[in-house]
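Structure record follows, encoded as structure tokens.
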Amino acid sequence: MSSYLQPKIANKIDYIRQQFPALQVKPTPVYFDGPGGTQIPNVVIESISAYLQQGNSNLGGHFLASQQTVALVQTARERMATLIGATSSKNIIFGANMTTLTLHMSRSISDSWQAGDNIILSELDHAGNRSAWERIAIERGVKVHYLTISDKQCQLDFQQFDQLLNERTRLVAVTAASNVTGTLTDIEYIVQKAKTVNAISYIDAVHLLPHRRVNVKQIDCDFLACSVYKFFGPHLGVVYGKKHLLNTLHPYKVIPAPNYAPNCWETGTLNFEALAGTISAVDYIASLGEGSTLDEQLDDAYSNIIEYEQYLTKLFLEETNRLENVTLYGIPDYNLNRRTPTFALSFEAHDPNNIARKLGEKSICTWSGHLYADKLIEALSLSESGGVLRVGLTHYNTIEEVGYFFEVLNKILDSSTVE
């Protein structure tokens, strides 16, 4: 494998890995399943435990435990607002997960849609974003357009987007990065074009946030959704919404939820222990950088993450290029301005699900199939052959793990058994 000047994280990778209990288990699995959910550092686990051990309570009580929970919720909103560059903590909504929140938000966002209107989704998207809008479009009698991918690099066809967009377009919902191929989407272009017809923009940043910081002020999107468990935290969903939309759209809620934003969008008691873990997840990312403020630390941390993951990506792609009868889907270079360190592979003579199973037998964790991006797999004509093998790297993975993956994969592919 090639080598060059190693990035900062590479020089302290052992220290970083020591912070993750799952990476201390012997023998240690190779966790190349990051797109499905990352491992959790000690600081997050301890924060969740501490909240439950030190006395927990619901909101609104005239006693210390309740007051501490109120402060906890506010701090969690502030951390998430800082992470994604939101102007105010009042822009932040918490829920069970990104999919549930998006389904919940779709009722209110679509409230004024009428027959003859249209929305634009994409072939690239995870069903957690796409299917909520498909469902509500049927209920409202609204036409759904799908942005297609232009080739096996899985970039969206923006010429088609310009043609589809019109004065009856009410929503554009797309992913910031493919959860299957890692291909990044030019979401700033999409958001700005949506504004020209007053369409709401809804961005799925679930796959992007573990690898790259998002700034909602810079993007200027109306909504952005993410999942904390994809960036080293607990299972919790988060949606950012612009203030004027959160205050003017009619929330689909029940009586216990108040009438003011963002709380009116949160139906039922929040998962307070997960919010404690969310605070620590953001702080963990910040600990990978330097600076005098949390914002500066996060900027530096993501710069370090990108530098290291680009290093791993280069190594991974070099080894992939040596394989015969294997196809890579997604951006074929290691420029992380265009992709994340997530790779989709298909095999001429092997079912990717069997490859994943055999890798699993050697303690290498990957995913296979359509990965809930079924329209993308259909567009790539891979549905009948089992989809793809997805290999997803994060900053806690190592050069040695990449080497071991290809050592095992080559042995599987050299097998005389055609599957």
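With contacts defined as side-chain heavy-atom distances shorter than 4.5 Å, the pair V402/L393 qualifies. Side chains of N397 and E309 form no contact here, defined as non-hydrogen atoms less than 4.5 Å apart. Counting heavy atoms from C-beta outward, R79 and L294 have side chains that approach closer than 4.5 Å. Proximity of V142 to S110: side-chain heavy atoms (C-beta onward) are nowhere separated by under 4.5 Å. Y229 has its side chain out of reach of I40: every pair of non-hydrogen atoms, C-beta onward, lies at least 4.5 Å apart. At a threshold of 4.5 Å between non-hydrogen side-chain atoms, the residues R338 and L184 do not count as touching. The closest side-chain heavy-atom distance from F94 to V238 is below 4.5 Å. A heavy-atom distance below 4.5 Å is not found between the side chains of V44 and F232.
The main-chain N or O of A71 is found under 3.5 Å from a side-chain atom of T75 such that the two form a donor-acceptor pair. The closest donor-acceptor contact from the side chain of S346 to the backbone of V388 lies at 3.5 Å or more, if one exists at all. Between the T169 side chain and the N166 main chain, a donor and an acceptor come within less than 3.5 Å of each other. Panel note: side chain D33, backbone G36; no donor-acceptor pair is recorded below 3.5 Å. Between the side chain of S108 and the backbone N or O of H104 there is no donor-acceptor pair closer than 3.5 Å. Distance alone, capped at 3.5 Å, places no donor-acceptor pair between the Q19 side chain and the N42 backbone. Under the 3.5 Å distance criterion, the side-chain polar atoms of T102 are left unmatched by any main-chain donor or acceptor of T99. In this structure a side-chain-to-backbone donor-acceptor pair under 3.5 Å is missing from K243 to N91. Using a distance-only test at 3.5 Å, with no hydrogens or angles considered, no donor-acceptor pair links the side chain of S201 to the main chain of L171.
Between H370 and Y372, the ring centre distance stays below 6.0 Å. F316 and F406 have their aromatic ring centers within a separation under 6.0 angstrom. Side-chain rings of Y284 and H395 approach one another, their centers coming within less than 6.0 Å. If you look at F343 and F32, their ring centroids are not closer than 6.0 Å.
Between E318 and K314 a salt bridge is recorded (basic side-chain N to carboxylate O distance below 4.0 Å). Between E361 and K358 no salt bridge is recorded (no basic side-chain N to carboxylate O distance below 4.0 Å). At a threshold of 4.0 Å, the pair K375-E134 does not count as salt-bridged, since none of the basic side-chain nitrogens sits closer than that to a carboxylate oxygen. Ion pairing between R77 and E266 holds under the 4.0 Å rule for side-chain N and carboxylate O. R339 has no carboxylate O lying under 4.0 Å from a charged side-chain N of D333, or vice versa, which leaves the two without a salt bridge. A salt bridge links R130 and D374; the closest N-O separation between the charged side-chain nitrogens and carboxylate oxygens is under 4.0 Å.
In this structure, the separation between CH2 on W113 and CG on N118 is 9.5 Å, given to the nearest 0.5 Å. A distance of 6.0 Å separates CZ in R107 from CD1 in I136, rounded to the nearest 0.5 Å. Between R170 atom CZ and I119 atom CD1 the span is 12.0 Å, to the nearest 0.5 Å. In this structure, N304 CG and K12 NZ are separated by 6.5 Å, a value rounded to the nearest 0.5 Å. Atom CG in L389 sits 4.5 Å away from atom CZ in F347 (nearest 0.5 Å).
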For a side chain to side chain contact (heavy atoms under 4.5 Å, CB included) check, start with the C-alpha distance between L359 and F405, then their side-chain angles and the critical distance, and finish with the verdict. CA-CA 8 Å; L359 288 168; F405 168 81; 3.7 Å; yes

Begin with the C-alpha distance, continue with both residues' side-chain angles, and end with the deciding distance and a verdict on side chain to side chain contact (heavy atoms under 4.5 Å, CB included) for D186 and I190. CA-CA 7 Å; D186 188 348; I190 287 176; 5.9 Å; no

Applying side chain to side chain contact (heavy atoms under 4.5 Å, CB included), run through L371 and H126 and close with a yes or a no. CA-CA 8 Å; L371 296 317; H126 187 288; over 6 Å; no

Would you sort out whether K8 and E290 count as a salt bridge (charged side-chain N to carboxylate O under 4.0 Å, His left out), showing the intermediate values? CA-CA 12 Å; K8 290 180 182 178; E290 299 177 353; 5.6 Å; no

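When all heavy atoms are compared, the tightest approach of L83 to V282 is CD2-CG2, 4.2 Å. In terms of heavy-atom proximity, A177 sits nearest to T340 at CB-CG2, 4.2 Å. Shortest non-hydrogen contact noted between I203 and A176 is CG2-CB, 4.0 Å. In plain terms, the two heavy atoms of P262 and S89 that are nearest each other are CG-O, 4.4 Å. Heavy-atom minimum distance, T148 versus E123: CA-OE1, 3.3 Å.
In this structure, a donor-acceptor pair under 3.5 Å is present between the side chains of N353 and S368. There is no side-chain donor-acceptor pair under 3.5 Å between T175 and H207. For the 3.5 Å distance criterion, the side chains of S150 and D157 fail to qualify, holding no donor opposite an acceptor. A side-chain donor from one of D162 and Y189 sits under 3.5 Å from a side-chain acceptor of the other. Side chains of E188 and Q192: no donor on one and acceptor on the other come within 3.5 Å. Between T38 and Y31, the side chains place no donor N or O within less than 3.5 Å of an acceptor N or O (distance only, hydrogens not considered).
Judged by the 6.0 Å distance and 45° axis criteria, K193 is not positioned over the aromatic ring of F161. A cation-pi arrangement is absent between R213 and Y302 under the rule of less than 6.0 angstrom and at most 45 degrees off the ring axis.
More than 12 heavy-atom neighbours from other residues, nucleotides or ligands sit within 6.0 angstrom of NZ on K195. Counting heavy-atom neighbours within 6.0 Å of K90 NZ, excluding the residue itself, gives a total of 12 or less. By the neighbour-count criterion of 12 heavy atoms within 6.0 Å, atom OH of Y404 is densely surrounded, having more than that number from other residues, nucleotides or ligands. Counted within 6.0 Å of NZ on K143, heavy atoms from surrounding residues, nucleotides or ligands total 12 or fewer; the atom is thus considered open. A 6.0 Å sphere centred on CH2 of W367 holds no more than 12 heavy atoms belonging to other residues, nucleotides or ligands.
Checking each of T342, L376, I149 against T181 for a side chain to side chain contact (heavy atoms under 4.5 Å, CB included) leaves exactly one that passes, namely L376.
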